Chemist: 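Below you will find the structure I want to go over with you.
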Protein chains: 2
Amino acid sequence: MADSYKNKKVISIGIVSELTGLSLRQIRYYEERKLIFPERTERGTRKYSFADVETLVDIANKREEGVQTFEIRQELKKQKGQSRDELKKMIRGQINSQFHLRK
Amino acid sequence: MADSYKNKKVISIGIVSELTGLSLRQIRYYEERKLIFPERTERGTRKYSFADVETLVDIANKREEGVQTFEIRQELKKQKGQSRDELKKMIRGQINSQFHLRK
DNA sequence: CGTGTAAGGAATTCTGACACG
DNA sequence: CGTGTAAGGAATTCTGACACG
């Protein structure tokens, strides 16, 4: 559960580019600005998760609104807090659905 | 819902190899034998889903038991039938958990 | 049958930098 | 500040084939 598919870093930057519509340059730059944190393969290739892809889409939207990367970084920090509530909801949902399946 | 993260084809063969412990040769061969069906990027690079990775792990286990690819293909077909029931359960679970969250 | 390997080519990714602004 | 691009190198992936068995 801790490392669901959503958070596994397995997508190369080229695919991420296709998925998000962002250029390789943009994706690398947002990492430089600490908005995303891909992992690396042994030889240095970046690997992203689906969660990263979602974050990048959010970033793209903010950027279109003219929001600067510095501000976006602040907002992303807040979202971390929110995701705790999300987690609680998810767990509750899991328990409920399993309970009903057992009947 | 139809294309959850589990079924999105976004993983390159090198990563799949790391994830499964199989050689590139083996992964390509299992495709040739119709056990897995990766998609392709515009220029022909194979892309796999997490579901494909799971299937490959199953295949690896069967192979260790000496099961031939032909037989494994048969078994995989059966599993497809099972997954319909799984789908029903999942949908039921979804509805239940949403129902409870709304309360 | 299932898998390793060498072969040559094509496409990917990486970094650091210059450019514009 | 944010992004494009040319640059050179290193690593990836592809296919078809020969090998062993």
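Note that the structure is predicted; figures quoted are calculated from it, not measured. The analysis underlying the following values was restricted to heavy atoms, covering all of them including side chains, and did not include hydrogens, waters or symmetry mates.
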Chemist: Roughly, in whole Å, what's the span from CD in A/Glu32 to P in D/dT3?
Modeler: 11 Å
Chemist: Which nucleotide in the list D/dT15, C/dT13, C/dT3 gets nearest to the side chain of B/Arg28?
Modeler: D/dT15
Chemist: Between C1' on C/dC14 and OH on A/Tyr48, what's the gap in Å once rounded to a whole number?
Modeler: 11 Å
Chemist: Give the rounded distance in Å between these two atoms: CD of A/Glu42 and P of C/dT13.
Modeler: 18 Å
Chemist: Quick one: do A/Gln26 and A/Arg63 satisfy side chain to side chain contact (heavy atoms under 4.5 Å, CB included)? Show the steps, please.
Modeler: CA-CA 11 Å; A/Gln26 289 174 310; A/Arg63 284 293 304 132; over 6 Å; no
Chemist: To the side chain of B/Arg43, which of D/dT12, C/dT15, C/dA11 is closest?
Modeler: C/dA11
Chemist: When clusters are formed by joining ILVMFWY residues with side-chain heavy atoms under 4.5 Å apart, either directly or through shared neighbours, do A/Val57 and A/Val67 land in the same one?
Modeler: no
Chemist: Ignoring backbone atoms, test whether B/Thr69 places a side-chain nitrogen or oxygen under 4.0 Å from the OP1 or OP2 oxygen of C/dG2.
Modeler: yes
Chemist: Please say which of A/Arg73, A/Arg25, A/Arg40 ends up in a salt bridge (charged side-chain N to carboxylate O under 4.0 Å, His left out) with A/Glu31.
Modeler: A/Arg40
Chemist: At under 4.0 Å, does any side-chain N or O of B/Tyr29 touch on OP1 or OP2 of C/dT3?
Modeler: no
Chemist: Could you check how far CZ of A/Arg63 sits from C1' of D/dT3, rounded to whole Å?
Modeler: 9 Å
Chemist: Describe the nucleic acid contact of A/Ser23 in one word from base, sugar-phosphate, nothing, applying a heavy-atom distance below 4.0 Å.
Modeler: sugar-phosphate
Chemist: Could you state the interatomic distance from CD (B/Glu18) to CD1 (B/Ile13), rounded to the nearest 0.5 Å?
Modeler: 12.0 Å
Chemist: Hey, is the side chain of B/Tyr30 poking within less than 4.0 Å of OP1 or OP2 on C/dT3, counting only N and O atoms?
Modeler: yes
Chemist: Could you tell me the separation between the CD1 atom of A/Ile11 and the C1' atom of C/dT12, rounded to a whole number of Å?
Modeler: 16 Å
Chemist: Between D/dA6 atom P and A/Leu24 atom CG, what is the distance in whole Å?
Modeler: 14 Å
Chemist: Counting side-chain heavy atoms from C-beta on, which of D/dG4, D/dC14, C/dT13 comes nearest to A/Thr45?
Modeler: C/dT13
Chemist: Any donor and acceptor pair, going by atom type alone, linking the side chain of B/Asp58 with main-chain N or O of B/Thr55 inside 3.5 Å?
Modeler: no
Chemist: Round to a whole Å and report the spacing from CD1 of A/Ile15 to P of D/dT12.
Modeler: 16 Å
Chemist: Given B/Leu56, which partner from the list B/Ile36, B/Asn61, B/Leu19 fulfils the side chain to side chain contact (heavy atoms under 4.5 Å, CB included) test?
Modeler: B/Ile36
Chemist: Between B/Lys9 and B/Phe37 (side chain of the first, backbone of the second, donor and acceptor by atom type, cut-off under 3.5 Å), is there such a pair?
Modeler: yes
Chemist: For DNA chain C, please output the secondary structure as dot-bracket, reading 5' to 3'. Pairs are Watson-Crick or G-U wobble, both atom distances under 3.5 Å; mark crossing pairs with [ ], other-strand partners with |, unpaired with a dot.
Modeler: .||||.||.|.|.||.||||.
Chemist: With a 4.0 Å limit, can you tell me whether B/Ser12 has a side-chain N or O closer than that to the phosphate oxygens OP1/OP2 of D/dT13?
Modeler: yes
Chemist: Could you state the CD-P distance from B/Gln26 to C/dT3, rounded to the nearest angstrom?
Modeler: 5 Å
Chemist: Heavy atoms from C-beta onward define the side chain here; which of D/dC14, C/dT15, C/dG2 lies closest to that of A/Arg40?
Modeler: C/dT15
Chemist: Under the criterion side chain to side chain contact (heavy atoms under 4.5 Å, CB included), I'd like the reasoning laid out for A/Val10 against B/Phe50: C-alpha separation, chi angles, the key distance, then a yes or no.
Modeler: CA-CA 10 Å; A/Val10 296; B/Phe50 282 111; 3.6 Å; yes
Chemist: Taking atom types as they are modelled, is there a donor-acceptor pair under 3.5 Å from the base of D/dT5 to the side chain of A/Arg25?
Modeler: yes
